[in-house]
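Remarks on the structure that follows.
Sequence lines set the chain letters: A, B, ... in the order given, protein chains first and strands last, and positions in each chain run from 1. Note: hydrogens, waters and symmetry copies are ignored here, and every other heavy atom, side chains too, is used.
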Number of protein chains: 2
Amino acid sequence: MLKTPYLLFLGDAHDALAAKVAQGIVDWRPENAVGQLRLDGCKADLGIPDMTIAEAMEKGAGTLVVGVANRGGFIADNWIALLTEALEAGMDVAAGLHNKLADVPQLAETAARTGRSLFDVRHPTESYPVGSGAKRPGKRVLPVGTDCSCGKMYTALAMEKEMRARGWNADFRATGQTGILITGAGVSIDAVISDFISGAVETLAPANDPDHWDLVEGQGSLYHPAYAGVTLGLIHGAQADALVLCHEPTRTHVRALPDYPVPDMQDVMDMVLPHARLTNPDAKFVGVAVNTHNLDQAEAEAFLKDTEQRFGLPTVDPLRTGVGRIVDALV
Amino acid sequence: MLKTPYLLFLGDAHDALAAKVAQGIVDWRPENAVGQLRLDGCKADLGIPDMTIAEAMEKGAGTLVVGVANRGGFIADNWIALLTEALEAGMDVAAGLHNKLADVPQLAETAARTGRSLFDVRHPTESYPVGSGAKRPGKRVLPVGTDCSCGKMYTALAMEKEMRARGWNADFRATGQTGILITGAGVSIDAVISDFISGAVETLAPANDPDHWDLVEGQGSLYHPAYAGVTLGLIHGAQADALVLCHEPTRTHVRALPDYPVPDMQDVMDMVLPHARLTNPDAKFVGVAVNTHNLDQAEAEAFLKDTEQRFGLPTVDPLRTGVGRIVDALV
């Protein structure tokens with residue numbers, strides 16, 4: 001668990017999209033964001049107070065979170081002095097980049113000397129058991145997608161927010177670096193040794209009260225030839241009671257692979273369900289979440305309506321319509 | 001690649017089964033086994049000459065292979081002196097155990113000083129790319145199972161042997177520690193980071209001549225809730241032209257999980273085929289390989305005959321009948 005609240009470091013982000021991790025924290029856990037720290041030339045602005053490290057310490061910041069990805073996703077040389085200063089001032093530092101904070105000698109040395117922690121959330125340090133497949137109490141939702149990056153994290157976070165607003169007992173369970181930084185905990189499941197995928201998910205979303213809901217963040221797609229193994233281990237480990245299909249309707253091929261078309265939504269449901277029922281015979285699809293960002297309002301409404309008629313399942317865009325109708329379907 | 005030939009170290013194996021890795025080398029790569037080295041009390045005997053390290057060096061041994069697993073699969077304290085002696089004498093040392101040779105300080109120090117290599121084949125040291133899904137030339141066979149440990153490695157090795165005897169251009173591709181030690185190369189696929197499962201298999205069985213056959217070792221089962229993610233990544237990475245279903249007919253539940261029955265063979269074929277066809281639309285089942293070890297001769301013959309009639313596919317026991325009829329079906 002990361003120490004909250006956070007000072008969000010945006011570096012010299014070249015646009016708002018480069019700061020999407022920090023934006024996610026502000027969107028979903030605003031109480032965790034005491035301020036932003038930007039370098040000269042930073043083009044992103046989260047709309048929260050700019051702060052020095054000293055000011056953030058006064059506000060009680062526990063962790064400086066690197067909320068920016070530069071091109072390539074690596075720690076930039078011109079960040080190291082500030083990250084070192086944060087450690088010296090008494091904060092931990094967390095990042096979800098490709099290389100590790102812990103592999104930068106100056107940061108490792110400073111953390112060791114000051115007793116602070118470096119969190120490289122893309123690189124799990126815990127060991128996980130192999131999956132047991134044992135049925136466990138508590139209820140779980142898993143979004144599954146026709147592709148990578150089509151709204152699974154957003155859907156799970158939106159459902160958590162909706163459930164909590166209704167007074168339900170609900171927790172988002174992060175399986176990727178962005179989700180981990182947003183919520184302060186989780187497992188970067190695609191970085192786990194493959195023997196332990198489902199076991200890691202069993203650990204992440206453990207036995208719970210019968211009325212408790214875990215919203216397990218989905219990853220990849222069974223139709224993506226690079227990542228389907230991760231997706232299947234996640235499906236088995238999650239033992240989901242409720243599956244939500246996530247889809248982006250304007251995409252023509254799966255991420256990075258032009259020869260692999262985005263599958264039909266029905267085909268994905270048909271392929272997912274027998275796998276999900278291996279570890280939870282009661283698993284079923286309860287709704288469809290469409291990312292209509294690339295459609296105009298009329299197109300979006302038409303697509304949602306057509307999809308709802310086609311499958312007979314509540315069909316939403318988490319951003320345009322909210323996820324309330326899918327949560328209704330869980331009652 | 002391990003340096004051949006090998007001196008096979010059996011330690012104080014408590015029975016023949018504990019030396020199954022060494023037995024596999026003798027069965028499938030007898031030309032690689034110059035001799036065996038046994039400690040007092042060893043209950044296994046491979047039927048090849050007993051040798052000291054000095055004698056094995058005279059016979060040209062390149063690697064001492066730890067061909068035994070003690071209870072727990074760890075390096076035993078009373079092996080370390082002999083493994084050190086092998087390094088000092090000029091051999092590399094290879095093992096497929098849970099802990100690493102490289103983590104034993106005396107072995108690491110000796111290897112560094114003498115310039116010898118330690119191979120921990122269960123722990124990949126290479127990095128692999130994410131899968132590309134790009135169609136590649138050459139032909140590939142993948143055995144898939146109703147469970148773990150039901151004959152997939154044996155089937156692939158037997159098919160390689162049969163193909164080579166017919167003058168075909170064929171290579172077994174090991175995906176587990178036993179197969180790697182037997183053939184001297186491969187990737188322990190369940191120890192790869194989960195993002196790279198299919199990419200590792202694409203690397204292991206790369207583009208080849210149009211008439212070349214790779215026999216890719218299968219792992220796990222889509223019906224095993226702990227390991228199915230590995231199995232699916234392997235299916236996608238292998239891009240198999242020909243699938244062979246492997247089954248052990250007396251088993252009632254999948255390995256280690258009494259609540260998960262062994263699935264019906266038809267269900268496994270139905271589940272595997274759409275996944276296999278994602279990366280190779282021409283994938284098909286060409287035969288069934290049954291491990292009838294626990295049946296008597298009459299029962300085995302009846303089971304093979306019934307299965308052949310049920311599926312209309314050549315059905316063999318690699319040990320009792322050989323795999324020739326499955327290889328015939330590839331012509």
(message) Using a 4.5 Å heavy-atom cutoff, which residues in residues 137-148 of chain A come close to chain B?
(response)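 Counting heavy atoms that sit under 4.5 Å from chain B, no residue of residues 137-148 of chain A is involved.
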
(request) Give a yes or no on whether A:Asp77 atom CG has more than 12 heavy-atom contacts from other residues, nucleotides or ligands under 6.0 Å away. (result) no

(message) If I compare all heavy atoms of A:His236 with all of B:Ala228, which pair ends up nearest, and what's the gap?
(response) CE1-CB, 3.3 Å

(request) Compare all side-chain heavy atoms of B:Leu222 with those of A:Leu278 and state whether any distance is below 4.5 angstrom. (result)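 Answer no - side chains too far apart.
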
(request) Go through B:Ala134, B:Pro274, B:Gly233, B:Gly133 and name the one with the most non-hydrogen pairs under 4.5 angstrom from chain A. (result) B:Gly133

Report, by ascending residue number, the residues of [range] in heavy-atom contact with chain A at a distance under 4.5 Å; give 'none' if the set is empty.
range	result
residues 242-270 of chain B	B:Leu257, B:Tyr260
residues 120-132 of chain B	B:Val130, B:Gly131, B:Ser132
residues 174-205 of chain B	B:Ile189, B:Asp190, B:Ala191, B:Val192, B:Ile193, B:Ser194, B:Asp195, B:Ile197, B:Ser198

